Amino acid sequence: DNPKYYLLEMFPYPSGRIHVGHVRNYSIGDVIARYKTMRGFNVLHPIGWDAFGLPAENAAIEHKTHPSQWTYDNIAYMRSQLKRMGISYDWTRELATCDPSYYRWEQLIFIKMFEKGLAYRKRSWVNWCEKCQTVLANEQVEAGLCWRCGKEVAQKDLQQWFFKITAYAEELLDYCDKLPGWPERVLTMQKNWIGRSEGAEISFTLEKGESEITVFTTRPDTLFGATFMSLAPEHPLAQTLSHGTPQENPVRQFIEKMKREDLSKRTAEDTEKEGVFTGSYCINPVTNRKMPIFVANFVLMEYGTGAVMAVPTHDQRDFEFAKKYGLPLIIVIQPPEEKLDPIYLEAAYVDDGIMVNSGQFDGIPNKEAGVKITDYLASIGKGRKTVSYRLRDWGISRQRYWGTPIPMIYCDECGIVPVPEKDLPVVLPLDVKMLETGQSPLALSSAFVNTPCPRCSRPGRRETDTMDTFVESSWYFLRYACPRYDNGPLNKDKVNYWMPVDQYIGGIEHAILHLLYARFYTKILRDLGIAQQDEPFTNLLTQGMVHKETTRCPQHGWLFPKEVEEGKCTVCGSAVEIGRTEKMSKSRKNVVDPDELIGQHGADTIRLFCLFAAPPEKDLDWNDLGVEGAFRFLGRVWRIIQAHAETVKDVKPYHGKEDLPETLKNLRRKTHQTIRKVTEDLEERFHFNTAISAIMELVNTLYQFDVNSVESPFKNQILRETVETIVLLLYPVSPHITEELWQILGHTASISKQAWPSYDPEVAKKEEMVIVIQINGKLRSQITVPVNTPEEEIKTLAQNDERTKQWTEGKKIVKIIYVPRKLINMVVQ
RNA sequence: GCCCGGGUGGCGGAAUUGGUAGACGCAAGGGACUUAAAAUCCCUCGGUGCUUGUCACUGUGCCGGUUCAAGUCCGGCCCCGGGCACCA
């Protein structure tokens, strides 16, 4: 009957040793989990390993073991490290998604998506490394070369599996405005990524034959200025249009050339526009002009329809292309001020204006004309209003060993046949040899590939691509609600109880891909009837990364901080170059080993420092000096509580209502104000840094408190309340030391079972307030008055204040502004 | 080029709704304790000036505006970080 709280971190899975950057990530989640537990929530905080955590096959090669063994070894290592850091996993589920049972459900979902057309196979051009036998993402190609082997990358026309995320573009975009718990910038990034633009589809009939080319344009108003047509090299018509014309060979050569270039280079903005005439023409539906059809390098198959109507006068790319190939220019929009002439045009005119050379649409503003032209095209069956998205379907095929096998069988008779449900899961064969190239061994495993067709029993071939590991991370948060459920992918009751995730925590690097895929997959599962949620994550915290400067020896490359002494390399003594400060990473060696710090200062200190140094969403530059301060503070806490432990040991914390001496009242007020401040900072904002500084203030106050200055029968009880409050408030941040202090205070039950302290607003309330006195907006004096002093009296007191008089003497008070409980401003002349 | 963030002491950062700018900590300086050091505890700490004060002036990237009052709001610029980008 307690309210639920589902907290989840995207786990950065360390492929090497854990570094201090991880400690910060883990601490943020752990503090929230402990705090929410104390607040009485039923907390689910899975520390599991989703797809990000699975090692790539090359990591397995590096470790000379089978990947599964390596994974489980790492999990054991992680567990021991987490324990040292005080990251509790009492409330966690042990779930590694490399468990084959997870494949079973993921494959079942895949088949259901296939049956609904949401998973489909498509032919497209991809960056392909012949040596590694693998598809490369754009960022895996450096200057046209493969990042792994350094060989040249070419385009390959390949069949790959896709998820139809574009079918959800509209919904994904709409819901961006229904996620108030997400950072604005993440939503903006997602919106840009989806990239909705309104425009029109327009059909151009070919000069010869019946068929048409359809284009997408956001500028239907410029249609009368369209003088030629550009196709992407991948466009199915690109080659066929040249058949039987003298252009057949030049077109073939051009397409071959495009295939040799990698896509990122071809589509870079500074790449020169280039193209070739196909030998065919199409007809402009409004002007009946014969438009030559070109194949051009800058046209993208993935956006719109892969064909562009070219308006050289009002589009810069078309302008450059037309100039290069001597194609006609017709101005159809005139700016209000000047008069454009195609002969003297130096760049395309892309702004608004009045229509010209456009038949019945002349004389009207171009925006308006766009709508009218679209309507006209619709009436003659040559076009319609439409929306296009930048978002592309999600290619999930990977030529890797490690991943969920795609459960499909190819049969010469029956085509693509899903593996029957009773045969799931398709598991990865274990008797394979890891290849140094990183090439997937699956395609080479005849035992895996050869399998009878489930439909006709003739010999078939298994799909050897595996799924992108992002597929697993797109629903692990749902599966974590019911990790051992065996009757289907998800147990709806449990999922409905825990979902949505109340607080998701992860790095900004996942702002687009992972978070968008997870949202998409949740909607897919909803539409397949497997889950019932529209959105997976209510609140998102994008925590910053820990940075540190890099150091490099001219002889020995990157150096660990330990390998540098007084600016010299410890191996060879050369002067060390200080590189830029960047995200801690194993490859740059700018990591700090928490083992050493924990050994020196304890995990509590490291946790405290990481949380105190900056708010969680900000990046943090690591600096060892600050750690001393955190260590010193915990020492201060330890000593002051030890100092009071004897006297408060056998008393109960104060809860009475007696009238107390001033000093005790002040101490108690500060205690309750601190509870309020820390609670607000943790509850609403996760601002650990200000919460910790409030606790520091309370500790300072306790140090200032002179025990012998006051006598009261309640003194020890009030001290006990303060001391216990400090320990309890600090517990989520520094669990070890506070657990020990809790016992020193005479408790036998663990502090982890305690409730979060509550504050009494009456006690926390100030009795006096400082009213600042400003003269003409400048601070001149201040008065201290009881809280309930009426406004009139404050105004009188302020005017009679000695220092006020110095500034108002001989002048006229024109106006007095009173801001309740804060200040008074007198305007004088 | 387009779209988001951000710019505050020597440093990390506070200032939650326009209302005392610089909380808390680091570094620095001083004092107490000690034979000494470390540790600890206490004090000072944006800049300038002097009459050393409950002092004056100045100060939150720059220029201007609104307001009794601006780090916060508005307009224009500069710089830094991030995302997207030959997207038709």
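Values below: all heavy atoms of this structure, side chains included; hydrogens, waters and symmetry mates excluded. All values derive from a computational prediction rather than experimental measurement. Every chain is numbered from 1, with letters handed out A, B, ... down the list of sequences.
Taking atom P on both nucleotides, B/rA23 is separated from B/rG12 by 15 Å, rounded to a whole Å. Taking atom P in both B/rU51 and B/rA38, one finds a spacing of 38 Å when rounded to whole Å. Comparing B/rU16 with B/rG31, their C1' atoms sit 38 Å apart, to the nearest whole Å. Comparing the C1' positions of B/rU58 and B/rA21 gives a spacing of 13 Å, expressed to the nearest Å. Comparing the same atom, C1', in B/rU8 and in B/rC62 gives a spacing of 15 Å after rounding to whole Å. B/rA70 and B/rG75 have their C1' atoms separated by 15 Å, with the value rounded to a whole Å. With both ends at atom P, the span from B/rG7 to B/rC73 equals 11 Å, rounded to whole Å. Comparing B/rA27 with B/rC84, their P atoms are spaced 40 Å from each other, to the whole Å.
Taking 4.0 Å as the cutoff to heavy atoms of chain A, we find the contact window on RNA chain B bounded by B/rC3 to B/rA88.
Aromatic ring pairs are classed by plane angle as parallel below 30°, tilted from 30° to 60° and perpendicular above 60°; the pair A/His514 and A/Phe470 is parallel. Classification of the A/Phe294-A/Tyr325 ring pair by plane angle, with boundaries at 30° and 60°, yields tilted.
The number of heavy atoms from other shown groups lying within 6.0 Å of NZ (A/Lys822) does not exceed 12. More than 12 heavy atoms of other shown residues, nucleotides or ligands fall within 6.0 angstrom of atom NZ in A/Lys323. More than 12 heavy atoms of other shown residues, nucleotides or ligands fall within 6.0 angstrom of atom NZ in A/Lys805.
Heavy atoms of A/Gln774 sit under 4.0 angstrom from at least one base atom. Among the heavy atoms of the strands, none lies under 4.0 Å from A/Ser781. Contact annotation for A/Lys778: backbone-only contact, meaning every heavy-atom pair under 4.0 Å involves sugar-phosphate atoms and none involves a base. When heavy atoms are screened at a 4.0 angstrom cut-off, A/Val819 is found touching base atoms of the nucleic acid. Counting any heavy atom pair closer than 4.0 Å across all strands shown, A/Phe633 reaches no nucleic acid atom. Residue contacts for A/Asn297: at a heavy-atom cut-off of 4.0 Å it reaches a base atom on one of the strands shown. Heavy atoms of A/Gln806 sit nowhere under 4.0 angstrom from any nucleic acid atom. The residue A/Gly629 sits close only to the backbone: its heavy atoms come under 4.0 Å of sugar-phosphate atoms, none of a base. Here A/Trp622 lies out of heavy-atom contact (under 4.0 Å) with every strand. Within 4.0 Å of A/Asn825, counting heavy atoms only, lies at least one base atom of the nucleic acid.
Under the 3.5 Å distance criterion, the side-chain polar atoms of A/Thr313 are matched with a main-chain donor or acceptor of A/Ile330. The main-chain N or O of A/Lys367 is never found under 3.5 Å from a side-chain atom of A/Asp352 such that the two would form a donor-acceptor pair. Side-chain N or O atoms of A/Asn297 include one that pairs as donor or acceptor with a backbone N or O of A/Glu274 at under 3.5 Å.
Inspection of the A/Thr550 and A/Asn590 side chains reveals no N or O donor paired with an N or O acceptor under 3.5 Å. Of the N and O atoms on the side chains of A/Thr804 and A/Asp801, at least one donor lies less than 3.5 Å from an acceptor on the other residue.
Near RNA chain B, meaning a heavy atom under 4.0 Å away, the residues from residues 194-202 of chain A are A/Ser197.
In B/rG9 the base sits syn relative to the sugar, since the glycosidic angle is no further than 90° from 0.
For RNA chain B, each stem of at least three Watson-Crick or G-U pairs (distances under 3.5 Å) is given as range with range: B:1-7 with B:78-84, B:10-12 with B:24-26, B:28-32 with B:40-44, B:46-49 with B:55-58, B:61-65 with B:73-77.
When ring centroids are compared, A/Phe321 and A/Phe298 come within the 6.0 Å threshold.
Within the 4.5 Å cutoff, side-chain heavy atoms of A/His510 are placed close to those of A/Met10.
In terms of position on RNA chain B, the residue among A/Val299 and A/Arg636 whose nearest nucleotide sits closer to the 5' end is A/Arg636. Of the residues near RNA chain B, A/Arg803 and A/Tyr303, the one whose nearest nucleotide (by heavy atom distance) lies more toward the 5' end is A/Arg803.
Judged by a 6.0 Å distance limit and a 45° cone about the ring axis, A/Arg636 is positioned over the six-membered ring of A/Tyr703.
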